[in-house]
Colleague: 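The structure's right below; bear with me while I get my questions together.
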Number of protein chains: 2
Amino acid sequence: MNWLERQVHSQPDAVALYFEESSWTWAQLEIRVRRMAAALTHSVQVAGGIRGARIATLMHSSPDYIVTILAVQWAGATLVPINTRLTAREISWMLNNIEADLLVLDHQTAERFYDSADATLDLQTTRFVQVEELTFSLDVEPADFRAREAALIMYTSGTTGLPKPVELSWENVASSAFASAVVLGLEARDNWLCALPLFHIGGLSIVFRCLIYGIPLTLLEKFDEQRVADAIIKHNITLASFVPTMLHRLRGILPEVNHLRAVLLGGGPAPKELVEWAWESGIPVFQTYGLTEAGSQVTTMPPKRALEKIGSAGIAVFGADVQVRRLNMSLAAPNEPGHIWIRGSMVMRGYLGRATENERRFDGSWFDTGDFGYLDDDQFLWVLSRRDDLIITGGENVYPAEVENVILAFEGVDQAAVFGQEDGTWGELVCVALVAKDGVELDLEALEAHCRKNLAGFKVPRRWLVLEELPQTSSGKVRRHELKKL
Amino acid sequence: MNWLERQVHSQPDAVALYFEESSWTWAQLEIRVRRMAAALTHSVQVAGGIRGARIATLMHSSPDYIVTILAVQWAGATLVPINTRLTAREISWMLNNIEADLLVLDHQTAERFYDSADATLDLQTTRFVQVEELTFSLDVEPADFRAREAALIMYTSGTTGLPKPVELSWENVASSAFASAVVLGLEARDNWLCALPLFHIGGLSIVFRCLIYGIPLTLLEKFDEQRVADAIIKHNITLASFVPTMLHRLRGILPEVNHLRAVLLGGGPAPKELVEWAWESGIPVFQTYGLTEAGSQVTTMPPKRALEKIGSAGIAVFGADVQVRRLNMSLAAPNEPGHIWIRGSMVMRGYLGRATENERRFDGSWFDTGDFGYLDDDQFLWVLSRRDDLIITGGENVYPAEVENVILAFEGVDQAAVFGQEDGTWGELVCVALVAKDGVELDLEALEAHCRKNLAGFKVPRRWLVLEELPQTSSGKVRRHELKKL
C-alpha cells in the first residue's frame, strides 16, 4: 500500500504536518497530494508517462515541497532534490547529466533561475513548472511502486571530479527509517522537527520517517534559533535533527522545560564540549554518522551509553555493518584509525552511471565512505575526519577539489589549495592558499567575484592566502594540514 | 552486526529475559549463547560445518530454548522449530523430509521421544542432543549472516496433503518486526509477554522482535491465566500476544491496573463481543491477521481506528499488500468476500521443495493464503474464515466467524465453534459446538430462533452440540477437525 494511503486509512484525522500557523491532517494532505500527482502527471510529457520519470525539485522548505515529495511517490516517479544554493551552471549540469524529465520550481527559485537575466538555467531535455502555478483540479490513484525501485536521486560531491548521483531505493529509505526507530523508539506522542533543508538527506529522511511512522512533521522554512525554540514548545516536539552549528546557536535559547526525548546530531564530527553542554542542559543528544550514500544514519549513539561515550558516533544501526580498514584492505585492530567501510540494507547499490567510481569504491557489498575513524573495543565508531579534506561549514559540505577547479580557471592562478579552518560559529571556514603564475599580480576581488558567479555562496573562500609555493608531500600532494597553521 | 551483539554493545546491563524468578541481561545472555553456539557447532557433524546447517528444536518454552534460538543465529545456521505435541511419526517425517542436521531436545522431549519404548523417533540423517547435556566450555564468534539467508523453516499444515516447510529469511523476520513496531510503537519501557509456544510463528516472532528492538522478553513456560495476570503486574508488561481463547480465559483475572499498552490478538477471527469486552475493561486489544508464510502479522488494527472497526483485522502493515480476489482472479469490489491474497517483504519466497504447490499458490509475488474475507471501503480486512474453516453448504459459503458472533451474543453462551460436517445432500452441514456459562442451562430452541432472526437460513446450524469445553490446539485455537468427529 502506498505509504501515505496507509496513514490516511490508519488515522485520517491525525495531524501530519505543521508549518507556521497551519496544520494538515493525513486526509487533508492526501487531497493535495492526489491533485499534485495529477498535475505532475500532466506536466511530464514523456513517452512512458510519469511512472519512473525523474522529477527534480528546486524549492525551499514549504508545505508545497512536502506535497511535491509525496506526490512524486504517489505517482511512482523518482525524486531528484536539488540544492537551492547552487548556481545556474551547477544546477543545469546536474539536470542535464541525470536527464531529469521535469523540474519543479517555487516562486523564489523561478524568479532567480528563470526570470533572471544572468542566471538562467540551460536545460536540454528537462521541462519545468512552478509549483504555485500548477492547477489542482484532477485526481489520480496511487501507483503500485515496489521496494527495489528508485525512490531518490541525490547528488553528492566527491573530493575529486564532478558531483555523483546517488540512487536510493524505497527499500533503502525504509531500512533507514527502521534502523532509526530501533535506536530512538517510536511513541504515539512523537513529533519531529525539521529545520534542515529538504534537499539534503538529513532533512528529506525526516519526511519519509514521519510518513512511515505516522507521526507529525513540524517543518520550518529554515533554521532560525528563535523559531526552533518556539516550535519546540508550541508543538511539543519530541524528536529533532540538527548539525553541530545549529545546536551551538541554540545555546541559551533552547527552553529548559520541553518534551524533547532525542536530538539527532549529524553532519560531521561534533565538538565534544558541545555534546557535554547539551547533556548538562538536559538535551538528550545522540551523535550519528551518516551519508547520502546510505540514506542518512549508519551509526547512532545508543541512548543507554550516550554519556559514557561522548564524542563517538555510536554503533552500527540495525541492518548496517561498519568496518575500519587499512589501506591494504585488511581490517584495522580495535582503536586503530583507518578508512570507514559500510554495508547494509540502507546503502545505495551504486552511483548512477559511474561504473569506474563504483568499481573503485565497492568491494562486494562493502562501500568505502572515504572517511576516517576507528572502532573501539565495544564497536563504537569514532569519526576522525570526513573524507580527506572535506570542509563542513554551517552544515554544508564543501569539497576542496570543486572550489579549486573554479579558482584554477581564473586567469593568472597557478596553484590553489582549499582547506578548512576551525571556526566557533560555522564549524569550519573555507580558506584557500594560492600561488600566482610567474609575474602576475592577482586581482583577489575579481577572483572572488568569479567564484561567486560559479559557486554556491557557502563554497566561496572566506580567507585568501597568497604564497610563493604550496607545501607538498614527497609524492606531490599538497599538505593541507600544514596550510591550516599558516 | 549480529543482532544479539548489537544489544550487548548498546545496553549490556539491561534485562533481556525474564523467566519465573530469574532474569538475564543481554551480556549474560551473550555468554550462554556463545557457549551454546560452540556446543552446537561441535554437535553438528556435517562436512560443511554449522554454517547453513538445519538445526531442529523439540523443546518446551524455557531460557534454554531462547538461548538455543539465539545460538542458531549466532552460528549462522537455520532454525527448524518442531511442535512438541506432534507424534513421533509426524516429527520423524518432518526431520527426514527437511534433512535436519541436528535435533535439540530438552529433558521432557528426550524422555518422551528417545527413552520411550513406544514413541521413538525414526531419524535418517539427523543427529540429536539433549540441551541440558551440552557442555558449555567453548566460545565462538558470531557468524556473518546475511539478510536474504534462511532464518527459519517451520512446517505448516494444510487441510489436504502433507505439512509444508515454510522458509523465512532474516529479511522476512526483520520486515515483520518493523511492520509491527510501526503500528504498535516502540517505547523504552516496553516488555513483551510471551505465553504462546515458541514453535509457532506467533511466539517465535516475539523472541526476534525483542532481540531487534532491544526490549525484555517475559517468557512463560505455557499459558496459564493466573500466571499471565501475575506476570503482567510483576514485570510491568506493556505488550502481549494472545489468541482469542486465552483472552477469554483472562476475563475476570486480568488486573485492572496495569501497564499494558497493546495486546495483539491473532490466530483466527475473534468474537466481536470479546473484543468489545476487552476495550470496555481498558485492555487495548488490536486484532491481527497473520500466517506462518508471512512471518506472522500481515494486517493489524491501527490504534486510532480500533473502536470504530471492532471485528476487523485492521489494514495491511507497512511493507505488505492485501488483495481480495474472486475465483477467476479478478479483484473483488469493496465489501465483496473472496480469497485473501498477500505480498510483501515479510512473505516467504515459497514452500521449500514444493514446486507444484508454489505454482498453485503464487501469482508473481502474490500469495494465495486460502483464507476468505473482504476489504471494506477503508481497506480494512475482515476475515470471514481461515482456510480450513469455510463451510460450503448447498453451494453457499458460510463463514464460521459470522455465525459464532451471532451465537455469542445470545445470553448464557460462553464459547461457540461453528464447523462443517460432510453431508450427502448439502455437501456440508453447518454444526456448532457450544459451551454454556457456568450454571446456565441453554435454551437451544430460543437460541435457534435467535439465529433464524439474525442469519440467512442456510447459515443457521443444523446440529447443536453442548460441551464442557472446546478442544484446543497448543496455540489455543479451537480444533474444529476434532469437533467433526464428535
Side-chain angles (χ1 to χ4, degrees), chain A residues 1-3 5-14 26 144 146-148 170-171 174-175 177-179 181-190 209 211-215 261-262 299-305 309 314-322 343-345 365 375-380, chain B residues 1-3 5-14 26 144 146-148 170-171 174-175 177-179 181-190 209 211-215 261-262 299-305 309 314-322 343-345 365 375-380:
Chain A
M1 197 182 295
N2 175 279
W3 297 356
E5 204 186 356
R6 225 189 127 257
Q7 296 306 341
V8 173
H9 291 311
S10 296
Q11 45 177 357
D13 303 327
W26 292 104
D144 184 29
R146 305 305 308 277
R148 305 226 165 119
W170 293 113
E171 188 179 32
S175 295
F178 182 29
V182 166
V183 186
L184 302 181
L186 178 52
E187 304 191 4
R189 65 184 173 116
D190 279 339
R209 286 170 190 188
L211 176 64
I212 293 171
Y213 304 159
I215 61 171
R261 64 175 193 79
T299 69
T300 300
M301 178 60 69
K304 291 205 173 113
R305 303 196 77 177
K309 297 275 192 185
I315 67 168
V317 293
F318 184 84
D321 288 303
V322 174
R343 72 168 182 193
S345 47
S365 55
L375 290 168
D376 68 15
D377 294 315
D378 298 327
Q379 296 283 323
F380 279 64
Chain B
M1 197 182 295
N2 175 279
W3 297 356
E5 202 186 359
R6 223 188 128 257
Q7 296 307 340
V8 173
H9 290 313
S10 296
Q11 45 176 356
D13 303 326
W26 293 104
D144 183 29
R146 304 306 308 278
R148 306 226 165 117
W170 292 114
E171 188 179 31
S175 294
F178 182 30
V182 166
V183 187
L184 302 180
L186 178 52
E187 304 192 4
R189 66 184 172 115
D190 278 340
R209 287 170 191 188
L211 176 65
I212 292 171
Y213 304 159
I215 61 171
R261 63 176 194 81
T299 69
T300 300
M301 178 59 68
K304 291 203 172 116
R305 303 196 77 176
K309 298 274 192 185
I315 67 168
V317 292
F318 184 84
D321 287 304
V322 174
R343 72 169 181 194
S345 46
S365 56
L375 289 168
D376 69 15
D377 293 315
D378 298 327
Q379 296 284 322
F380 279 63

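Fair warning: this is a prediction, and the values are worked out from it, not measured in the lab.
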Colleague: Tell me, side chain or backbone of B/Pro12 under 4.5 Å from chain A's heavy atoms, or both, or neither?
Modeller: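 Contact with chain A is through the side chain of B/Pro12 alone.
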Colleague: If you count heavy-atom pairs under 4.5 Å with chain B, which of A/Val322, A/Ile215, A/Asp144, A/Asp190 comes out on top?
Modeller: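 Looking at each option in turn, the highest pair count goes to A/Asp144.
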Colleague: Sort A/Arg209 into side chain, backbone, both or neither according to what part of it lies under 4.5 angstrom from a heavy atom of chain B.
Modeller: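 The answer is neither part of A/Arg209.
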Colleague: With only heavy atoms counted, which part of B/Arg146 is less than 4.5 Å from chain A, the side chain, the backbone, both or neither?
Modeller: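 For B/Arg146, the side chain is the part near chain A, not the backbone.
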Colleague: Can you tell me which portion of B/Val317 sits under 4.5 Å from chain A's heavy atoms? Options are side chain, backbone, both or neither.
Modeller: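 Just its backbone gets close to chain A.
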Colleague: Below 4.5 Å from any heavy atom of chain B, which atoms of A/Ala14 appear? Answer side chain, backbone, both or neither.
Modeller: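 The side chain, not the backbone.
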Colleague: Against chain B, label A/Ala316 side chain, backbone, both or neither, depending on which of its atoms sit under 4.5 Å from a heavy atom there.
Modeller: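 Contact with chain B: backbone and side chain both.
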Colleague: Most heavy-atom pairs under 4.5 angstrom with chain B, which of A/Phe380, A/Phe178, A/Trp170?
Modeller: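 Of the options given, most contacts go to A/Phe178.
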Colleague: Checking heavy atoms, do the side chain of B/Ala147, its backbone, both or neither come under 4.5 Å from chain A?
Modeller: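 For B/Ala147, neither part sits under 4.5 Å from chain A.
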Colleague: Check each atom of A/Trp3 against the heavy atoms of chain B and say whether the ones under 4.5 Å are side chain, backbone, both or neither.
Modeller: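 Just its side chain gets close to chain B.
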Colleague: Which bit of A/Ile212 comes within less than 4.5 Å of chain B, counting heavy atoms only: side chain, backbone, both or neither?
Modeller: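 Looking at A/Ile212, backbone and side chain both touch chain B.
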Colleague: Checking A/Asp13 against B/Arg305 for the side chain to side chain contact (heavy atoms under 4.5 Å, CB included) test, could you report, in this order, the C-alpha distance in whole Å, the side-chain angles of both residues, the deciding distance, and whether it holds?
Modeller: CA-CA 10 Å; A/Asp13 303 327; B/Arg305 303 196 77 176; over 6 Å; no
Colleague: So, for B/Val182 and A/Leu186, which heavy atoms are closest and what is the spacing to 0.1 Å?
Modeller: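 Taking B/Val182 first and A/Leu186 second, the nearest heavy atoms are CA-CD2, 4.1 Å.
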Colleague: Tell me which of these, B/Glu5, B/Glu187, B/Arg6, B/Met301, has more heavy-atom pairs under 4.5 Å with chain A than the rest.
Modeller: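 Of B/Glu5, B/Glu187, B/Arg6, B/Met301, B/Arg6 has the most heavy-atom pairs under 4.5 Å with chain A.
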Colleague: Using heavy-atom distances under 4.5 Å, tell me whether B/Ser365 contacts chain A through its side chain, its backbone, both, or neither.
Modeller: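 Answer is side chain: those atoms of B/Ser365 sit under 4.5 Å from chain A.
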Colleague: Out of B/Ala177, B/Pro302, B/Gly214, return the one with the most heavy atom pairs under 4.5 angstrom to chain A.
Modeller: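 Most heavy-atom pairs under 4.5 Å with chain A: B/Pro302.
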Colleague: What residue in B/His9, B/Gln11, B/Lys304, B/Arg261 has the most heavy-atom pairs under 4.5 Å with chain A?
Modeller: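 Ranked by contacts with chain A, first place is B/His9.
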